[in-house]
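Reading through the structure tokens given below for one structure.
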Protein chains: 2
Amino acid sequence: MLDVLTAKTGRAKTGRVAATIKDVARAAGVSVATVTRALSTPELVRLDTRERVRATAAALGYHPNRAARGLITGRTGNLGLLVPDLSNPFFPGIVKGVQGRAHEADHAVFLADTDEDPAAEAGLVRKLAKQVDGVVLCSPRMPEAELRALAGEIPIALVYRRVPGTPSVTAAFLDGMRQAVSHLVALGHRRIAYVGGPRTSWANRERVRSLRAVSKTSGVELVEMGSVIPQFEGGVAAADQVIVAGVTAVIAYNDLVALGLLHRCAARGVRVPADLSVLGFDDIPLGAMVHPALTTVALPQGAAGRAAVDLLLNERQDRKERLELPTQLIVRGSTGPAEGS
Amino acid sequence: MLDVLTAKTGRAKTGRVAATIKDVARAAGVSVATVTRALSTPELVRLDTRERVRATAAALGYHPNRAARGLITGRTGNLGLLVPDLSNPFFPGIVKGVQGRAHEADHAVFLADTDEDPAAEAGLVRKLAKQVDGVVLCSPRMPEAELRALAGEIPIALVYRRVPGTPSVTAAFLDGMRQAVSHLVALGHRRIAYVGGPRTSWANRERVRSLRAVSKTSGVELVEMGSVIPQFEGGVAAADQVIVAGVTAVIAYNDLVALGLLHRCAARGVRVPADLSVLGFDDIPLGAMVHPALTTVALPQGAAGRAAVDLLLNERQDRKERLELPTQLIVRGSTGPAEGS
DNA sequence: TTGAAAGCGGTACCAG
DNA sequence: CTGGTACCGCTTTCAA
């Protein structure tokens, strides 16, 4: 077999040339057409031929070149995935979901991290466009108009963002918020702070909207503390204002911010949950590792990623598919009875 | 221009077909050969032709199809990246480094997460092989023989693993361990436990080796506690044995394990660092967020990723390049004076 | 300086 | 059931 390979390319170096379909055809004594069929449409090839071809293919370590195949079929077998920041433990969960589902469907995935830079998003997607069958955009920060333009150029599935006419996977924020507030109300809290995330974040807008609605119907007083970066440091920075806001509980944009609040409270000697209850969003693994462990509204991560891939791959006629996955409050140590209740 | 496109493909639907080099050639009134040249070897084309071609290309929104190009040039402009587990916050740091450097070099990156399954590694790499110019293997768990075989099939760069003859990026474990032990010795510790990681992990073997060497020369007594999974749960599980091991300090395979130790100690009422000092490896962001904050040996993450890409891309003749990046002890709250010292 | 044509590795159609 | 062949989009000789 080595002879075949080296003869073919003229390289005498090593056996390091990948076998092509021609090599297999020659070695198996059939035409290239038969090789393709034996591999992709076995029922069109007589059993013994098929077996022979497959055996030689295996022996030569042959794997069809996906790029070449894509050239003619128009399908690449690749997916793109865009995330704002891989450092936020929320996203690896989604990435793993996308990867898992993509691999099951025999697709490889390109990953791009935008470093929370909305301006970089569209460019990255366009660069990948030619090499993928579609791209999953995770919490994209770009303006809706730009998103629409992109959706016209390449199949897109949104995760944690909703845009009319574009397939998307989100979670039941309103219901999650209801669970969160009910929990706090049951513990006797009546005045609650909210530390917000990026204004360009759709998820933040949704949370604020839900929270306002729920507060009204639950009769709790809501104190909005403004926006911070969706990271630990954001929470640390917001903590001191929360402490003097006269609230007994605080809901953070996400777990990372909540962890920042927890950290600063500990440093300031504010006891959690005795003096202040803290509640996050996301349910990142980290939340269960700290002390006190973080009460949070769990958002689907792996499941969201998998669903997004399905949206992209399943040739649903209806391209405006909209999925809303359930959310679940996870009660842990960072929330407790309100002072004096 | 739309006419051209639709005429070409016969699709009357939308303008959603990507312009090909032929479209540009036709529109600019030149041959396809000239278009390629105008775009990739401008000096071979007369100025005005060049300009005309470029203008039409821009107008049509033309971008060469990288897959097709790769077919003939043999270079894809893509890189592969394999990580054992994206949930371990150590890896996103490396991924970001690889991505950053790859994008600077105008390369896109395929990411594959093996879920700590050594058996899956080789297969994933081979699947990507045809579509990439090389792959970065991050802490691969597969046996060395298999790694060697792979290296014969496709350019490879190793991160946190060393195999003779294969380019790799690692860190100065021995020096890091020396810093760690010196620190503990200075605090009065004389009997130190080590909670190990996966036996298939090269990094773990290196740490053990370094630790043994350093212990001997520092006159500390080393108590090896066996292997655990390199995660939070592993640390939690090992904690009780550490507590009864009669040591005043423990070094963990990595930060996640150290965090697990911290967690279980808190639950058991073992005070850190008063009763037990805990020291990790990696320096994941998480370590600074917990209380007490984790003392750790920082391993380069982004820098390691970037270096690996350089190794892959730079046409160094010497393909057995071996990089060893520095390590640095980060002292935080989880280590303190030994009991009674 | 430019164009024609030969592939790169596959797939799909058309005969046989 | 199998082989021949055109062609996917692009680059690269080879001539003109």
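Naming: A, B, ... by sequence-line order, numbering from 1 per chain.
A salt bridge between Asp117(B) and Arg141(B) is absent, with no side-chain N of the basic residue lying under 4.0 Å from a carboxylate O of the acidic one. A salt bridge is defined here as a Lys NZ or Arg NE, NH1 or NH2 lying under 4.0 Å from an Asp or Glu carboxylate O, and Glu51(A) with Arg46(A) fails to meet this definition.
Of all the heavy atoms in Pro140(B) and Leu137(B), the pair that sits closest is CD-O, 3.6 Å. Here the closest non-hydrogen pair linking Ile21(A) and Val32(A) is CD1-O, 3.7 Å.
Distance Ile21(B) CD1 to dT12(D) C1': 12 Å, rounded to the nearest Å. Atoms CG (Leu60(A)) and C1' (dG9(C)) sit 15 Å apart, rounded to a whole Å. Between the CG atom of Leu44(A) and the C1' atom of dT2(D) there is a distance of 11 Å, given to the nearest Å. Residue Glu43(A) contributes atom CD, which lies 12 Å from atom P of dA12(C) at whole-angstrom precision. Across the protein-nucleic acid pair, Arg26(A) atom CZ and dG9(C) atom P stand 11 Å apart, rounded to whole Å. We find that NE2 of His63(B) is positioned 12 Å from P of dC10(D), with the value rounded to whole Å.
In this model, the phosphate group of dC10(D) is not approached by any side-chain N or O of Arg66(B) to a distance below 4.0 Å at OP1 or OP2. Taking 4.0 angstrom as the limit, Lys22(B) places a side-chain polar atom (N or O) nearer than this to OP1 or OP2 of dC8(D). Between Arg69(B) and dT11(D) there is a side-chain N or O to OP1 or OP2 distance below 4.0 Å.
Considering only the side chain of Asn65(A), dG9(C) comes nearest among dT2(C), dT11(D), dG9(C). Nearest nucleotide to the Leu71(B) side chain, out of dC8(C), dC1(D), dG10(C): dC8(C).
Residues in residues 53-64 of chain B take part in no salt bridge (Lys or Arg N to Asp or Glu O under 4.0 Å) pair, two or more places apart or across chains.
Side-chain atoms of Thr41(B) never come within 3.5 Å of backbone atoms of Leu44(B) as a donor-acceptor pair (strictly under, hydrogens ignored).
Of the residues near DNA chain C, Ile72(B) and Lys130(B), the one whose nearest nucleotide (by heavy atom distance) lies more toward the 5' end is Ile72(B). Judged by closest nucleotide on DNA chain D, Thr49(A) is the one of Ala68(A) and Thr49(A) placed further toward the 5' end.
Near DNA chain C, meaning a heavy atom under 4.0 Å from it, residues 29-42 of chain A has Ala33(A), Thr36(A), Arg37(A) in order of number.
Between Phe110(A) and Phe110(B), the ring planes lie parallel to each other; the angle is under 30°, not in the 30° to 60° tilted range.
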